[in-house]
Engineer: 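Structure provided below as structure tokens; questions to follow.
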There are 2 protein chains.
Amino acid sequence: MTPAPGPARSHTATLTDVARLAGVSVATASKALNGRSQVRAETRQRVIEAAERLSFRPNQLARGLLAGRTGTVGLLTSDLEGRFSIPILMGAEDAFGAGEVAVFLCDARGDAIREQHHVRALLGRRVDGLIVVGSRTDPRPSLGRDLPVPVVYAYAPSDDPADLSIVPDNVDAGRIAVEHLLACGRTRIAHITGDPGYLAARDRADGARAALAGAGLDFVGEPRFAEWSEGWGRAATAMLLERHADVDAVLCGSDQIARGVVEILRERGHRVPEDVAVMGFDNWQVLTSASRPPLTSVDMNLEQVGRAAAQALFGAIDGIPRSGVETLPCRVVIRGSTAHLS
Amino acid sequence: MTPAPGPARSHTATLTDVARLAGVSVATASKALNGRSQVRAETRQRVIEAAERLSFRPNQLARGLLAGRTGTVGLLTSDLEGRFSIPILMGAEDAFGAGEVAVFLCDARGDAIREQHHVRALLGRRVDGLIVVGSRTDPRPSLGRDLPVPVVYAYAPSDDPADLSIVPDNVDAGRIAVEHLLACGRTRIAHITGDPGYLAARDRADGARAALAGAGLDFVGEPRFAEWSEGWGRAATAMLLERHADVDAVLCGSDQIARGVVEILRERGHRVPEDVAVMGFDNWQVLTSASRPPLTSVDMNLEQVGRAAAQALFGAIDGIPRSGVETLPCRVVIRGSTAHLS
DNA sequence: TAGCTTGACGAAAGCCTTTTCGGCCCGTTT
DNA sequence: AAACGGGCCGAAAAGGCTTTCGTCAAGCTA
């Protein structure tokens with residue numbers, strides 16, 4: 001690093017400048033601009049005009065230094081590229097942006113060391129709180145109990161029950177998916193899903209199976225776990241049709257899988273949804289709307305998860321902490337790939 | 001708002017605390033921790049241990065207040081959900097995160113008012129600079145010349161040539177795409193692309209046509225502009241095959257379109273890539289790798305765009321401003337959908 | 001031994017804002 | 001007329017840190 005020349009930036013206006021221009025003290029200027037009462041209307045006007053002329057913008061650093069609160073929070077994500085983090089992040093950003101809170105974004109790239117580094121950096125910047133966004137619903141290591149600011153975990157719950165975590169209810173998601181298929185008159189339902197190492201896959205399968213049991217049914221064949229890809233959806237469908245050609249619905253663990261399933265059904269001459277209904281999870285628009293027919297899918301309401309996390313963090317900052325894992329409901333978005341059995 | 005109770009947070013350690021514990025003045029403590037020279041080694045060690053014991057973390061606000069630099073930058077995006085912003089944002093976050101710079105994330109949701117609001121908020125927080133990330137390559141309104149901090153535009157260039165913008169080179173992207181197809185021995189190349197209102201669509205088409213002209217060729221039929229969807233890809237392919245059944249390559253304006261094209265070619269019995277080569281733009285993994293066969297695509301190197309923008313911002317902050325629109329090259333990622341003509 | 005340099009450390013100013021408290025001026029009350 | 005109460009404003013402290021400069025002791029030269 002060579003000593004940088006530095007731009008001859010023309011000294012951003014400070015409250016002192018405003019006060020001088022308005023011919024009052026900084027104290028009065030401050031009070032005038034912040035709507036405090038002990039200022040004559042005329043004086044206040046003069047100050048406001050001076051501030052306007054200098055395009056004065058109060059230094060939040062100084063303000064935060066004094067107030068002890070900075071009005072900033074840290075958003076710690078483990079993988080930005082993952083499509084689950086983004087909607088959550090948007091929801092949180094949305095909830096914060098409405099107020100006067102700014103968001104520090106940090107991506108740990110799934111690396112614990114880097115995460116630790118970011119936490120330290122954020123604490124140094126005196127954030128008022130932290131939201132930790134994960135990319136899968138499996139529990140993740142807690143940041144610890146002795147942080148000086150409240151923490152809320154979103155999507156990926158903390159493994160410490162003393163922490164507060166906000167996650168979508170995948171078990172219930174499985175349930176409402178099956179109930180939709182049942183409502184469509186389907187009874188011979190197969191399940192093709194993703195990596196069994198993912199809690200989301202197991203939860204959805206469990207919820208679905210429970211709902212089936214409630215109707216005195218079970219899956220056609222065993223649920224097939226493997227990977228979250230179109231390729232697996234295609235392969236699994238081929239196998240499924242060989243053994244259970246009488247299937248009238250396929251519940252897929254993700255929209256990607258569902259795309260593969262639909263494609264093979266179509267190729268083999270099975271009509272969707274007339275002969276076989278298909279639905280997925282995640283409601284990933286690019287996939288659901290381009291499918292032929294468009295895919296019915298369970299939306300995980302991720303933006304809501306983000307918003308709820310932000311609100312919970314507000315609460316915790318204001319001294320009303322919660323703890324444990326809180327779940328948020330999902331919803332079925334109906335499109336052309338499911339319909340009542342004719 | 002009721003007056004919040006506020007948590008009885010146990011007073012985060014301050015430099016004064018460290019100094020007291022180490023039995024020195026704050027001045028000495030500061031110098032010890034910052035590696036200044038005027039401290040005896042033994043004293044320094046004592047201070048460091050005290051800081052350790054109190055898990056002291058210097059307040060960056062106070063530091064920034066003094067230094068005039070905060071070590072923060074604002075990242076202003078217009079649509080977080082768009083898949084173009086994310087990689088750029090990651091690249092920028094990456095470049096910053098390496099240093100000691102933290103990133104404020106703001107999403108304007110494509111709304112100019114909200115954007116203005118965010119800019120004001122960021123300036124109030126005394127960011128050292130701003131990166132404005134767009135979601136399409138068409139020029140966007142400048143934030144103006146009179147901001148107190150440097151600004152770099154990424155992906156979407158500013159309409160003011162005095163600003164610095166970093167964008168992928170879409171014209172060149174069209175060129176290298178065609179050159180790849182030519183290298184595969186293809187000569188009857190059609191172009192199916194997206195919304196003609198997008199500069200990216202026109203640039204790519206122009207670049208591609210220029211490359212063809214260089215080889216004494218032109219597109220088979222006129223380039224077909226419409227929308228960025230699989231559905232359009234399918235429809236356009238049907239029309240194309242009716243009129244130009246002898247086509248041996250289809251250059252698609254996006255991977256989504258390419259997916260549709262491949263699907264219809266496959267349905268109609270045209271082998272990909274043996275009979276017809278297909279390639280897309282954007283290199284969107286979910287689409288390219290799930291296609292049958294996997295799609296060759298032009299990667300826009302968006303992470304690099306983000307990184308370059310961050311580095312340019314560093315430069316500008318250090319007083320070395322640049323201006324104008326700078327383009328970054330793209331690259332062809334070869335997969336199964338293109339191959340040498342047998 | 002007086003005077004010097006050098007090294008180590010502390011006092012204090014400064015960054016920018018908010019807030020408390022005291023002062024001043026005027027109009028009211030007894 | 002004296003005391004009093006309000007309304008309006010300014011001085012000053014606080015918040016945590018860095019930096020400059022002054023102080024002081026030790027070690028050195030003359």
Engineer: Which ones in residues 21-29 of chain A lie close to DNA chain D, meaning a heavy atom under 4.0 Å from one of its atoms?
Structural biologist: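 Contacts with DNA chain D under 4.0 Å: A/Val24, A/Ser25, A/Ala27, A/Thr28.
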Engineer: Relative to the 5' end of DNA chain D, which residue comes earlier, A/Leu65 or B/Lys31, by the nucleotide with the nearest heavy atom?
Structural biologist: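 Closest to the 5' end, via its nearest nucleotide, is A/Leu65.
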Engineer: Separation of B/Arg69 atom CZ from C/dC15 atom P, in whole Å?
Structural biologist: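 To the nearest whole Å, that distance equals 18 Å.
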Engineer: Using the salt bridge (Lys or Arg N to Asp or Glu O under 4.0 Å) criterion, which residues pair with A/Arg20? Sequence neighbours excluded.
Structural biologist: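 Listed in chain order: A/Asp17.
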Engineer: For B/Asn59, which residues count as a side-chain hydrogen bond (donor to acceptor under 3.5 Å, both in side chains) partner, sequence neighbours excluded?
Structural biologist: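 B/Asn59 satisfies side-chain hydrogen bond (donor to acceptor under 3.5 Å, both in side chains) with no residue once adjacent residues are dropped.
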Engineer: What's the CG-C1' distance between B/Asn34 and D/dC17, to the nearest Å?
Structural biologist: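 Roughly 9 Å, once rounded to whole Å.
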Engineer: Ignoring hydrogens, what is the shortest heavy-atom contact between B/Asp128 and B/Arg69? Give both atom names and the distance.
Structural biologist: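 Reported closest heavy-atom pair: OD1-CA, 3.6 Å.
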Engineer: Once side-chain hydrogen bond (donor to acceptor under 3.5 Å, both in side chains) is applied, what residue pairs with a partner in residues 81-102 of chain A remain, sequence neighbours excluded?
Structural biologist: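 Qualifying pairs: A/Asp79-A/Ser85, A/Arg83-A/Asp282, A/Asp94-A/Arg307, A/Asp94-B/Arg109.
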Engineer: Sequence neighbours excluded, which residues qualify as salt bridge (Lys or Arg N to Asp or Glu O under 4.0 Å) partners of B/Arg140?
Structural biologist: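 With sequence neighbours excluded, B/Arg140 shows a salt bridge (Lys or Arg N to Asp or Glu O under 4.0 Å) to B/Glu115, given in chain and number order.
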Engineer: Within this structure, what is the CG-to-C1' distance between B/Leu66 and C/dC16, rounded to whole angstrom?
Structural biologist: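 Result: 11 Å.
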Engineer: Report the residues that fulfil side-chain hydrogen bond (donor to acceptor under 3.5 Å, both in side chains) with A/Asp160, sequence neighbours left out, ordered by chain and then residue number.
Structural biologist: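 Testing A/Asp160 for side-chain hydrogen bond (donor to acceptor under 3.5 Å, both in side chains), a comparison that skips the adjacent residues, returns A/Arg145.
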Engineer: Please report the distance, rounded to the nearest Å, between CZ in A/Arg36 and P in D/dG7.
Structural biologist: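 Interatomic distance, CZ of A/Arg36 to P of D/dG7: 17 Å.
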Engineer: Considering only residues two or more places apart or on different chains, which pairs with a residue in residues 39-57 of chain A satisfy salt bridge (Lys or Arg N to Asp or Glu O under 4.0 Å)?
Structural biologist: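 Matches after skipping sequence neighbours: A/Glu42-A/Arg46.
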Engineer: Check whether any side-chain nitrogen or oxygen of B/Ser30 sits under 4.0 Å from OP1 or OP2 of D/dT18, and answer yes or no.
Structural biologist: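 The answer is yes; a side-chain N or O of B/Ser30 sits under 4.0 Å from OP1 or OP2.
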Engineer: Could you pull out all residues at least two apart from B/Arg120 that satisfy side-chain hydrogen bond (donor to acceptor under 3.5 Å, both in side chains)?
Structural biologist: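 B/Arg120 satisfies side-chain hydrogen bond (donor to acceptor under 3.5 Å, both in side chains) with no other residue.
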Engineer: For the side chain of A/Gln38, starting at C-beta, report the closest nucleotide among D/dG16, C/dC9, D/dC9.
Structural biologist: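 In terms of side-chain proximity for A/Gln38, the closest of D/dG16, C/dC9, D/dC9 is D/dC9.
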Engineer: Report for the helix from C/dT1-D/dA30 to C/dT30-D/dA1: angle between first-end and last-end helix axes, five pairs each, rounded to 10 degrees.
Structural biologist: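 If I round to tens, the end axes sit 70° apart.
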Engineer: Give, ordered by number, those residues of residues 41-64 of chain A having at least one heavy-atom distance below 4.0 Å to an atom of DNA chain D; if nothing qualifies, reply none.
Structural biologist: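 Heavy-atom cutoff 4.0 Å gives A/Thr43, A/Ala62.
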Engineer: Got a sec, which residues hit side-chain hydrogen bond (donor to acceptor under 3.5 Å, both in side chains) with B/Thr137, two or more places apart in sequence or on another chain?
Structural biologist: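 Checked B/Thr137 against side-chain hydrogen bond (donor to acceptor under 3.5 Å, both in side chains); zero matches.
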Engineer: From CG of A/Asp17 over to P of C/dC15, roughly how many Å is that when rounded to an integer?
Structural biologist: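 Whole-Å distance recorded here is 11 Å.
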Engineer: Between D/dG10 atom P and A/Leu15 atom CG, what is the distance in whole Å?
Structural biologist: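 My rounded result for the distance is 12 Å.
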Engineer: Please identify each residue that fulfils salt bridge (Lys or Arg N to Asp or Glu O under 4.0 Å) with B/Arg136, with sequence neighbours left out.
Structural biologist: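 Expected list: B/Asp138.
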